[in-house]
Chemist: 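What follows is a single structure, and I will ask about it in a moment.
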Amino acid sequence: MAVVKPFLCVRPNGEAVSRVAALPYDVYSRREALEAVAGNPLSFLNIDRAETQFGDDVDTYDDRVYEKARELLESRIQDGTFVTETEPCYYLYQLTMDGRSQTGIAGCSAVDDYVNGVIKKHENTREDKELDRIRHVDVTNAHTGPVFLAYRKHETLSRIMEEVMEEAPLYDFVSEDGIGHKVWRIAGDKRLTAVEEAFGQVPATYIADGHHRAASAVKVGLKRRKDLEERGETVTGDEPCNYFLSVLFPEDQLMIMSYNRVVKDLNGLSMEKFFTEVCARFDVAKIGKEAYAPREKGTFGMYVRGEWYLLKTKDHLRSEDPVSGLDVSLLQDHLLGPVLGIGDPRVDKRIDFIGGIRGLKELERRVDEDMEAAFSMYPTSIQELFAVADAGRLMPPKSTWFEPKLRSGIFIHRL
């Protein structure tokens, strides 16, 4: 069962929160991060991507970068930009995009739950990306960006969330991208106990977004636990290093957007031969000039040579397997791989991935400018994500795109 604890939160003061809150560190290139922090010294991106404080001659992973992140965090605590709670709390965090809201509970998930598989994963991590966040967490002595977790709806937690949202929020602001953010504090022994006990009835939680943040936080936690043991100190399990920052959302709150594909060329095929191969695997209907988003599982939009087509997977190619039955797998296994020669989409330079938040016009633009074909996807469902993780399997790369993104800097967990 899941262990989720309240924590002593370091958080922005009420006046600063809208300037502090920042998108996750990994959505930016170095150039984009530098542009994003320009004119806003309070943006948490200055801490999350502290290379923005140096010239291009300083490497992103230079020791000085991590030391600068620690220095900036400590200075923001000292000058009052951040305040520290006097008692452990949970928080509700609500994000609203285009009139739709999703609300989760911010707390600290157990390192041991990750190790023992109570926290379930659906994708692999890369060591180089882990090392960056390991150093960031270790040097700053803090978890600065929450891991985005999901869980199957629990009535007690839902009831508590409804009660808390009737109260005045701690924060209420709209970020520059138009996303609304509200935060409520959950305090008091009775409520804290109720939340912790309710999570204790949840058999598993699932990483929706933040696999690298989770893996890095766990490795730092295990290292610190080992250091304590080697020094002969008693490890009780309550030490902050045994937990990592997370925001947990019930399944019915979440929206997964499509993760679309664009391909550089037709693998040497003529248009006639390409369509012959596609028609052998999919039922094809011409849509015309109007952009097409699939309306059901097993179907795809295809944009090529200025025209949109509807592709419907032939019945004999569909699968009940939790991985091979995913739409991203159907497209890869029966079109991108065998027809277009995209063997490993993780490394093949002929394919690119476009998050659904950017819309179908972005697919048209890419094909009109530098690509040959685009494929619009039907979004992977949260139930499909659960099924893959429950089976101990991995999703293909770029299977899910969660929106809106959790902001960093609103909640900080000190180790």
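In this chain, numbering begins with 1 at the start of the sequence shown.
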Chemist: Angle between ring planes, W308 versus Y303, binned at 30° and 60°: parallel, tilted or perpendicular?
Modeler: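 If you compare the ring of W308 with that of Y303, the planes turn out tilted.
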Chemist: State plainly whether the residues D252 and R152 are in salt-bridge range, i.e. N to O under 4.0 Å.
Modeler: no
Chemist: Check for a donor-acceptor pair, side chain of R281 on one end and backbone N or O of T313 on the other, with a separation under 3.5 Å.
Modeler: no
Chemist: For S109 and V4, which heavy atoms make the closest approach, and how far apart are they?
Modeler: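 Distance-wise, the nearest heavy atoms are OG-CG2, 4.1 Å.
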Chemist: Would you confirm whether H211, through its side chain, and H122, through its main-chain N or O, come within 3.5 Å as a donor-acceptor pair?
Modeler: yes
Chemist: Using a 6.0 Å cut-off, check whether atom CD of E176 has over 12 heavy atoms from anything other than its own residue.
Modeler: no
Chemist: Verify, without hydrogens or angle tests, whether N267 (side chain) and V339 (backbone) share a donor-acceptor contact under 3.5 angstrom.
Modeler: yes
Chemist: Is the number of heavy atoms from other residues, nucleotides or ligands under 6.0 Å of D79 CG greater than 12?
Modeler: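 Counting other residues, nucleotides and ligands, CG of D79 exceeds 12 neighbours.
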Chemist: Strictly below 4.0 Å, N to O, side chains only: are R305 and E372 in salt-bridge contact?
Modeler: yes
Chemist: May I have the step-by-step check of side-chain contact (heavy atoms from CB on, under 4.5 Å) for E123 and T400, ending in yes or no?
Modeler: CA-CA 11 Å; E123 68 178 45; T400 57; 5.7 Å; no
Chemist: Indicate the atoms forming the closest heavy-atom contact of A215 with T125, along with that distance.
Modeler: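 Shortest heavy-atom contact: CB-CG2, 4.3 Å.
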Chemist: In Å, rounded to the nearest 0.5 Å, how long is the span from CD of Q253 to OG of S101?
Modeler: 8.5 Å
Chemist: Ignoring hydrogens and geometry beyond distance, is a side-chain donor-acceptor pair present between T205 and D113 at under 3.5 Å?
Modeler: no
Chemist: In plain terms, say whether E85 and R11 are close enough for a salt bridge, that is, a side-chain N and a carboxylate O under 4.0 Å apart.
Modeler: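 Yes, charged N to carboxylate O under 4.0 Å.
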Chemist: What do you reckon, is NZ of K314 surrounded by more than 12 foreign heavy atoms closer than 6.0 Å?
Modeler: yes
Chemist: Are the aromatic rings of Y309 and F300 close, with centres under 6.0 Å apart?
Modeler: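 No, the ring centres sit 6.0 Å or more apart.
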Chemist: Return the orientation label for the F411 and Y91 ring planes: parallel under 30°, perpendicular over 60°, tilted otherwise.
Modeler: tilted
Chemist: Any donor and acceptor pair, going by atom type alone, linking the side chain of T193 with main-chain N or O of D189 inside 3.5 Å?
Modeler: yes
Chemist: Quick one: closest heavy-atom pair of A293 and S376, and the distance?
Modeler: CA-OG, 4.2 Å
Chemist: Could you tell me whether E163 and R159 have a side-chain N and a carboxylate O separated by less than 4.0 Å?
Modeler: yes
Chemist: Any chance you could lay out the side-chain contact (heavy atoms from CB on, under 4.5 Å) test for F375 and L340, step after step, and finish with the verdict?
Modeler: CA-CA 12 Å; F375 300 90; L340 295 180; 4.2 Å; yes
Chemist: Taking atom types as modelled and ignoring hydrogens, do the side chains of E130 and S216 form a donor-acceptor contact shorter than 3.5 angstrom?
Modeler: no
Chemist: Which is it for R225 and E239 under the salt bridge (Lys or Arg N to Asp or Glu O under 4.0 Å) test, yes or no, and what are the steps along the way?
Modeler: CA-CA 9 Å; R225 183 191 298 176; E239 295 82 5; over 6 Å; no
Chemist: Identify whether the distance between the nearest side-chain nitrogen and carboxylate oxygen of D344 and R346 falls below 4.0 Å.
Modeler: yes
Chemist: Decide, yes or no, whether a salt bridge links D265 with K349 under the criterion of side-chain N to carboxylate O below 4.0 Å.
Modeler: no
Chemist: Nearest 0.5 Å, what's the CE-CG distance between M377 and L363?
Modeler: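 That separation rounds to 11.0 Å.
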Chemist: Using the ring of each side chain (for Trp, its six-membered ring), is H181 parallel, tilted or perpendicular to Y93, with breaks at 30° and 60°?
Modeler: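 The arrangement is parallel - the two ring planes meet at less than 30°.
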Chemist: Dump the intermediate steps for side-chain contact (heavy atoms from CB on, under 4.5 Å) on K120 and Y114, then the final yes or no.
Modeler: CA-CA 7 Å; K120 299 192 176 189; Y114 183 96; over 6 Å; no
Chemist: Do R365 and E362 sit within salt-bridge range, that is, some charged N less than 4.0 Å from a carboxylate O?
Modeler: yes
Chemist: Salt bridge or not between E74 and R70? Use side-chain N to carboxylate O under 4.0 Å.
Modeler: no
Chemist: Counting N and O atoms only, with roles assigned by atom type, does the side chain of K297 sit under 3.5 Å from a partner on the main chain of G325, one being a donor and the other an acceptor?
Modeler: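 Checking the backbone N and O of G325 against the side chain of K297, a donor-acceptor pair under 3.5 Å is found.
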Chemist: For the ring pair F386 and Y206, is the centre-to-centre distance below 6.0 Å?
Modeler: yes
Chemist: Going through the distances and angles, do K405 and D209 end up as a salt bridge (Lys or Arg N to Asp or Glu O under 4.0 Å)?
Modeler: CA-CA 9 Å; K405 303 293 185 186; D209 199 7; 3.6 Å; yes
Chemist: Determine yes or no for a side-chain-to-main-chain donor-acceptor pair under 3.5 angstrom, with S246 supplying the side chain and L248 the backbone.
Modeler: no
Chemist: Does K264 use its side chain to pair, donor to acceptor, with the backbone of I351 at less than 3.5 Å?
Modeler: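 Not a single qualifying donor-acceptor pair exists.
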Chemist: If we count only N and O atoms by modelled type, under 3.5 Å, do the side chains of S175 and D177 hold a donor and an acceptor together?
Modeler: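 The criterion, which ignores hydrogens and geometry beyond distance, is satisfied for D177 and S175.
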Chemist: Which pair of non-hydrogen atoms, one from R407 and one from A21, has the smallest distance, and what is that distance?
Modeler: CG-CB, 3.8 Å
Chemist: Before you tell me yes or no, could you show the steps for Y171 and W184 under side-chain contact (heavy atoms from CB on, under 4.5 Å), namely the whole-Å CA-CA distance, both residues' side-chain angles and the distance that decides it to 0.1 Å?
Modeler: CA-CA 7 Å; Y171 301 134; W184 292 262; over 6 Å; no
Chemist: Out of curiosity, Y378 OH to R295 CZ, how far, rounded to the nearest 0.5 Å?
Modeler: 11.0 Å
Chemist: Which value, rounded to the nearest 0.5 Å, describes the distance between S258 atom OG and K398 atom NZ?
Modeler: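 That separation rounds to 14.0 Å.
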Chemist: Look only at the side chain of D48 and the backbone of F44, and say whether a donor-acceptor pair between them is shorter than 3.5 Å.
Modeler: no
Chemist: When rounded to the nearest 0.5 angstrom, what is the spacing between CG in D172 and OG1 in T96?
Modeler: 9.0 Å
Chemist: Assess whether a salt bridge exists between R261 and D352, defined as any Lys/Arg side-chain N lying under 4.0 Å from an Asp/Glu carboxylate O.
Modeler: no
Chemist: Do the side-chain N and O atoms of R30 and T60 include a donor-acceptor pair separated by under 3.5 angstrom?
Modeler: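 Present: a donor and an acceptor within the cut-off.
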Chemist: Taking only Lys NZ, Arg NE, NH1 and NH2, and the carboxylate oxygens of Asp or Glu, determine whether E307 and K289 approach each other closer than 4.0 Å.
Modeler: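 Yes, charged N to carboxylate O under 4.0 Å.
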Chemist: Going by an N to O cut-off under 4.0 Å, is there a salt bridge joining E67 and R64?
Modeler: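 Looking at R64 together with E67, the answer is no, because their closest N to O distance does not fall below 4.0 Å.
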Chemist: Looking only at non-hydrogen atoms, find the nearest pair between A50 and V65 and report the distance.
Modeler: CB-O, 3.2 Å
Chemist: Assess whether a salt bridge exists between R224 and D138, defined as any Lys/Arg side-chain N lying under 4.0 Å from an Asp/Glu carboxylate O.
Modeler: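 Answer for the salt bridge query: yes.
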Chemist: Which pair of heavy atoms, one from V262 and one from R366, lies closest together, and at what distance?
Modeler: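 Taking V262 first and R366 second, the nearest heavy atoms are CG1-CB, 4.2 Å.
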Chemist: Whether K153 engages the ring of F249 as a cation-pi pair (distance to the six-membered ring centre under 6.0 angstrom, angle to the ring normal within 45°) should be assessed.
Modeler: no
Chemist: Taking D327 for its side chain and T380 for its backbone only, find out whether a donor-acceptor pair lies under 3.5 Å.
Modeler: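 No; judged by distance alone, with no hydrogens or angles, the pair does not exist.
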Chemist: If you apply the rule salt bridge (Lys or Arg N to Asp or Glu O under 4.0 Å), what do you find for R191 with E167, and how did you get there?
Modeler: CA-CA 14 Å; R191 268 187 177 165; E167 302 168 2; 2.8 Å; yes
Chemist: Charged N to carboxylate O below 4.0 Å: is that the case for K129 and D26?
Modeler: no
Chemist: Out of curiosity, I47 CD1 to S75 OG, how far, rounded to the nearest 0.5 Å?
Modeler: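 Here the interatomic distance stands at 7.0 Å.
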